[in-house]
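Please read all numbers here as calculations on a predicted model, not as lab measurements. Chain A is the first sequence line, chain B the second, and so forth, proteins listed ahead of strands; every chain is numbered from 1.
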Amino acid sequence: MKRSIMMLGLALAAGGGALLAGAGLRPEASRAGAPAAADAFTVDPVHSSLLFRVKHMGVTPFWGRFNDVKGSFLIDPERPEASSVDITIPVASVDTHNKDRDNHLKQDVFFSAAEFPDMTFKSKSVSKSGDNAFNVAGDLTIRGTTKPVTVKVMYGGTGKGMKGGQVAGLEGTVSIKRSDFGVSFMVGPALSDEVEITVALEGNRK
Amino acid sequence: MDPEIIKQLSLGAVPPGIAGLILFGALWWKRRGTGPATARRVVPPLVIAAVYCLTHVFVLGRPSAPPVSASDWLPWLVPLVAAASLAFAFRGPAWMKWLGVGVCAIVVAALSARNFIAKSWPPAQTAVELGVFLLAALAVVKCSLRLTREPGPLGALTFFLFPALSAAVLELCLSSLRLAQAGGVFAAVGAGAVLVACVRRGPVLTAPATVVIALSTLLILFQGQLTSGDRLAPLYVLIAALGPAVAALGGIGPAARLVGWKGAVLRVGLALVPPAIALGIAYANREPDPYL
């Protein structure tokens, strides 16, 4: 059982890496010098998701998630350079529907949650790549290691929120190698190095 | 058991065990019938550090430079501990040797806890953590030296149980396979010394070799405490660190008068007590998994 848990943990770790990559969606609006914090949407963790996918035993895609996402984002279709994403994901919120595996993922062999409690993504530049599609380049930090990644984002636009404010949504995907971030335990057939991260953010603005 | 896990565990235990057997066997063969040589004291800690670093690369991955997490520091800190242990290879005032151990202990603990010291520990907690580690290091090394000074296999065996059972505590109490494997490397090397001690007279593990194994094992336990996140982690580590001291009790007072198999059972039993308590506490506090 322990072994399978570990394998799952590895998969989760890989997934976690992907999630982190997803976290990388956080923009850096203020850095771009535009609208900045006042115009940014605050991430609503209840309606946002961060999923990761890693291949287990070389054959099975395994999905996990992080249940807590914090931060803010702003996508300006007219002025992509004014857009930004800034996300923080508490590692302790990892959820792979197995408590033992979740605990294993928090250990030093994977995310070392006590030492590195958060994963972050801070955008550095945003460029338009199509209709409502953007490339968000930024720094993804996992387990204390920061690497540049580019997240492909589909912007969902804005709308009226249930509480009267304004809401905005986006979905981003990115693929990373978990070993690049020091999460290299059991990289191989048992648990792939490649982790795909999907992040879906809903933000609120009053 | 998963084949990948078996492979990982084997790589972390078999080559270091063979290396330990060759190391201590060769040193014994070369010096049989002669007095201790400087090489016999200088070579083991250096070889042990080299074996650890090689095993770390093959089992735990290439060391990151610069190190990021606590365990990333191990391939850098174990050679540092080995260098400090060399003070015991030469004649000199005892206070200088222990000063070297103390300074080394503070340095390796501070580097291991670098992220915590920089981000989350207030100065008072940093002082307490490093101070406790320093005292524990001095006590563990002192008791370990007492154990390995004994001729015959019993001293080496009871000392070997410290890294071996610390690895079990790291895996089962602190849930760190990574650090458990690191501790397992030292246990495997120590196992080689135990085997050689079964066939030769006099102590097998020299003082420097004892220092590098004892202090490195304690450092790994400390890192396990740092990265565990379990509220009972300090308790587990404290209990595990008592291993050499409790084992040494078998060599003093009335217990020392027990000889033969009775003495052996007592000594080994004492060495098993601290980790058994730690494992028992962990078992009693385990949380049921609703998914299994």
Side-chain angles (χ1 to χ4, degrees), chain A residues 1-13 56-58 64 90-92 94-118 120 141-147 177-193, chain B residues 1-9 11 56-57 59-74 112-121 170-182 220 223-231 233-234 286-292:
Chain A
M1 181 187 77
K2 191 76 178 178
R3 310 289 173 254
S4 60
I5 287 172
M6 291 176 58
M7 301 300 272
L8 288 172
L10 290 169
L12 287 172
H56 184 230
M57 303 313 296
V91 176
V94 66
D95 182 356
T96 62
H97 53 84
N98 182 287
K99 193 172 181 180
D100 279 353
R101 185 170 51 203
D102 294 345
N103 287 335
H104 192 207
L105 283 174
K106 296 171 194 171
Q107 300 303 321
D108 64 325
V109 73
F110 288 113
F111 292 115
S112 196
E115 196 171 10
F116 308 106
D118 295 323
T120 63
T141 301
I142 300 173
R143 204 178 183 273
T145 298
T146 301
K147 298 281 183 182
K177 287 190 174 183
R178 61 189 176 98
S179 59
D180 288 344
F181 296 88
V183 188
S184 52
F185 185 64
M186 286 189 76
V187 165
L191 205 57
S192 65
D193 194 8
Chain B
M1 185 181 290
D2 192 297
E4 285 294 322
I5 296 294
I6 294 175
K7 178 183 174 186
Q8 180 119 353
L9 294 176
L11 278 174
H56 188 104
V57 169
V59 177
L60 302 179
R62 189 166 49 86
S64 57
V68 178
S69 70
S71 59
D72 289 343
W73 279 97
L74 280 175
S112 296
R114 192 181 61 137
N115 290 316
F116 296 90
I117 293 171
K119 296 174 185 171
S120 57
W121 285 358
L170 284 159
E171 166 63 8
L172 300 175
C173 299
L174 303 175
S175 303
S176 178
L177 178 64
R178 181 182 180 85
L179 290 173
Q181 285 212 270
I220 292 167
Q223 293 190 349
Q225 172 192 330
L226 292 176
T227 58
S228 167
D230 189 318
R231 64 187 172 83
R286 77 193 189 288
E287 294 181 9
D289 187 343
Y291 298 102
L292 296 179

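Taking OG1 from B:Thr227 and CZ from A:Phe111, the interatomic distance works out to 15.0 Å, rounded to the nearest 0.5 Å. Between B:Ser175 atom OG and A:Leu105 atom CG the span is 11.5 Å, to the nearest 0.5 Å. Remark: B:Asp72 CG to A:Thr145 OG1 distance equals 7.5 Å, nearest 0.5 Å. Rounded to the nearest 0.5 angstrom, B:Asn115 CG and A:Glu115 CD are separated by 4.5 Å. Atom CZ of A:Phe110 and atom CZ of B:Arg178 lie 10.5 Å apart (nearest 0.5 Å).
For the ring-ring contact (aromatic ring centres under 6.0 Å, His included) test, residues two or more places apart in sequence or in another chain that qualify with B:Phe116 are B:Trp121. Remark: A:Gln107 pairs with no residue by the side-chain hydrogen bond (donor to acceptor under 3.5 Å, both in side chains) rule, at least two apart or across chains.
Taking all atoms of both residues into account, the shortest heavy-atom contact from A:Ala114 to B:Leu226 is CB-O, 3.6 Å. In this structure, A:Asp108 and B:Ser176 approach most closely via the heavy-atom pair OD1-OG, 2.8 Å.
With a 4.5 Å cut-off on non-hydrogen atoms, B:Ser69 touches chain A through its backbone and its side chain both.
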